[in-house]
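What you see is a predicted model, and the numbers here were worked out from it, not measured in a lab.
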Amino acid sequence: MAIMLSKKEEIKLAYSGDDDDRIALLSSKHSEVLCCIAERGNDEHRTALLKSGIPKVLSQVALYGTDSHRQYLIDNHYDVEKVMRNVAFACNETHRSILLSHPSEKVRSAVAQKCNDAQRDALINDPSSCVRHACTARANTRQLRILLDDEDASVRGFAYAHAPEKILEQMLDQIANDEAVIESMPFFPSEFCAKIVRKTTNEKIVEKALDNCCFYDMDLLREEGFYVEKIADALTSDFFAFPHRRTHEQLR
């Protein structure tokens, strides 16, 4: 008589058992067990799991399987967004080329995060801001220059955070008056934040830039006559609230 295992026991066996254990568990009614088999099993197990038709399980096969498994998923489950996103993360360049025109912006975004420069060129002007945003983290210098002029503020902001300092210096006039830069300010060196303060008249940008200036640069700004009262308050009250300022000052 077969021993009935609880869901927890099946998961443990699928994760830590041997290949025979996993074969026995392929008929499990629990998708979590099948996901463990997809992760810990061999390619034979993953091939068997392709027949499950369960998106959660197929997504795991996409991540841990072979290019042949992913080709099967593209051929048979192209419309399942969750599965195709994982295919995009794990597949080869040929498969990503197929997914460049996928109707789901989430799938195209996944492609943008993993594709080569030529494929990213095809996505850099995608109608979805989510896809253009995803292009930013791995974009080359030429692609970043395009993204830095994007009509969507969130895309520009993320591009500012990834742009080399040389490009930022060249675009200082634009950056200093673009509120999209506010969320990227923590990624900038203190000295560059001080340059923004000297250029901008936007109060929101000033406040965020000062938040990311070290005491040394804030003191210089005060001596130059920029936002004297605001900086004086920060220098006297924010010493413990912004410990990174002390660190920057000590490093100097």
- Message: I'd like to know whether Arg145 forms a side-chain contact (heavy atoms from CB on, under 4.5 Å) with Gln170, so could you lay out the CA-CA distance, the side-chain angles of the two residues, the decisive distance to 0.1 Å, and finally the verdict.
- Response: CA-CA 11 Å; Arg145 288 185 182 277; Gln170 294 170 354; 3.1 Å; yes
Is it true that [X] and [Y] fall in one hydrophobic cluster, defined by side-chain heavy atoms closer than 4.5 Å?
{"X": "Val83", "Y": "Ile37", "answer": "yes"}
{"X": "Met171", "Y": "Val181", "answer": "yes"}
{"X": "Met185", "Y": "Phe226", "answer": "no"}
{"X": "Ile124", "Y": "Val107", "answer": "no"}
{"X": "Val33", "Y": "Leu5", "answer": "yes"}

- Query: Would Lys208 and Glu183 satisfy salt bridge (charged side-chain N to carboxylate O under 4.0 Å, His left out), going step by step from the backbone distance to the final call?
  - Reply: CA-CA 8 Å; Lys208 192 64 176 182; Glu183 296 303 317; 5.7 Å; no
[X] [atom1] to [Y] [atom2] distance, which is reported to the nearest 0.5 Å:
{"X": "Cys193", "Y": "Leu210", "atom1": "SG", "atom2": "CG", "answer": "9.0 Å"}
{"X": "Leu123", "Y": "Arg96", "atom1": "CG", "atom2": "CZ", "answer": "11.5 Å"}
{"X": "Arg198", "Y": "Asp217", "atom1": "CZ", "atom2": "CG", "answer": "7.0 Å"}
{"X": "Gln71", "Y": "Leu73", "atom1": "CD", "atom2": "CG", "answer": "9.5 Å"}
{"X": "Asn76", "Y": "Leu50", "atom1": "CG", "atom2": "CG", "answer": "8.5 Å"}
{"X": "Met84", "Y": "Phe89", "atom1": "CE", "atom2": "CZ", "answer": "13.0 Å"}

- Decide yes or no on salt bridge (charged side-chain N to carboxylate O under 4.0 Å, His left out) for Asp43 and Arg46, but give the supporting numbers first. CA-CA 5 Å; Asp43 289 337; Arg46 296 183 187 104; 2.9 Å; yes
Side chains of [X] and [Y]: closer than 4.5 Å at any heavy-atom pair?
{"X": "His162", "Y": "Arg138", "value": "no"}
{"X": "Ile196", "Y": "Phe188", "value": "yes"}
{"X": "Glu191", "Y": "Tyr216", "value": "no"}
{"X": "Phe192", "Y": "Leu172", "value": "yes"}
{"X": "Pro189", "Y": "Glu165", "value": "yes"}
{"X": "Met4", "Y": "Glu9", "value": "no"}
{"X": "Val80", "Y": "Leu58", "value": "no"}
{"X": "Phe187", "Y": "Tyr160", "value": "no"}

[X] side chain to [Y] side chain, donor-acceptor N/O pair below 3.5 angstrom:
{"X": "Thr200", "Y": "Asn202", "answer": "no"}
{"X": "Thr136", "Y": "His133", "answer": "no"}
{"X": "Gln174", "Y": "Arg156", "answer": "no"}

I'd like to know if the side chain of [X] and the backbone of [Y] have a donor-acceptor N/O pair within less than 3.5 Å.
{"X": "Arg40", "Y": "Ala14", "result": "no"}
{"X": "Glu207", "Y": "Lys204", "result": "no"}
{"X": "Ser190", "Y": "Cys213", "result": "no"}
{"X": "Ser52", "Y": "Leu49", "result": "yes"}
{"X": "Ser97", "Y": "Glu93", "result": "yes"}
{"X": "Gln143", "Y": "Asn140", "result": "yes"}
{"X": "His45", "Y": "Asn42", "result": "yes"}
{"X": "Asp21", "Y": "Asp18", "result": "yes"}
{"X": "Arg120", "Y": "Cys115", "result": "yes"}
{"X": "Gln119", "Y": "Asn116", "result": "yes"}

- In plain terms, say whether Asp126 and Arg132 are close enough for a salt bridge, that is, a side-chain N and a carboxylate O under 4.0 Å apart. no
- Query: Any salt bridge between Asp121 and Arg142, counting N to O under 4.0 Å?
  - Reply: yes
What heavy-atom pair brings [X] and [Y] nearest, and what distance separates the two atoms?
{"X": "Ala163", "Y": "Leu144", "result": "CA-CD1, 3.9 Å"}
{"X": "Ala110", "Y": "Arg85", "result": "CB-O, 3.8 Å"}
{"X": "Leu100", "Y": "Ala122", "result": "CD1-CB, 4.4 Å"}
{"X": "Val61", "Y": "His69", "result": "CG1-CB, 4.1 Å"}

- Above 12 or not: heavy atoms from other molecules or residues under 6.0 Å from CD of Gln113? yes
- Going by the angle between their ring planes, with limits at 30° and 60°, are His102 and Tyr78 parallel, tilted or perpendicular? tilted
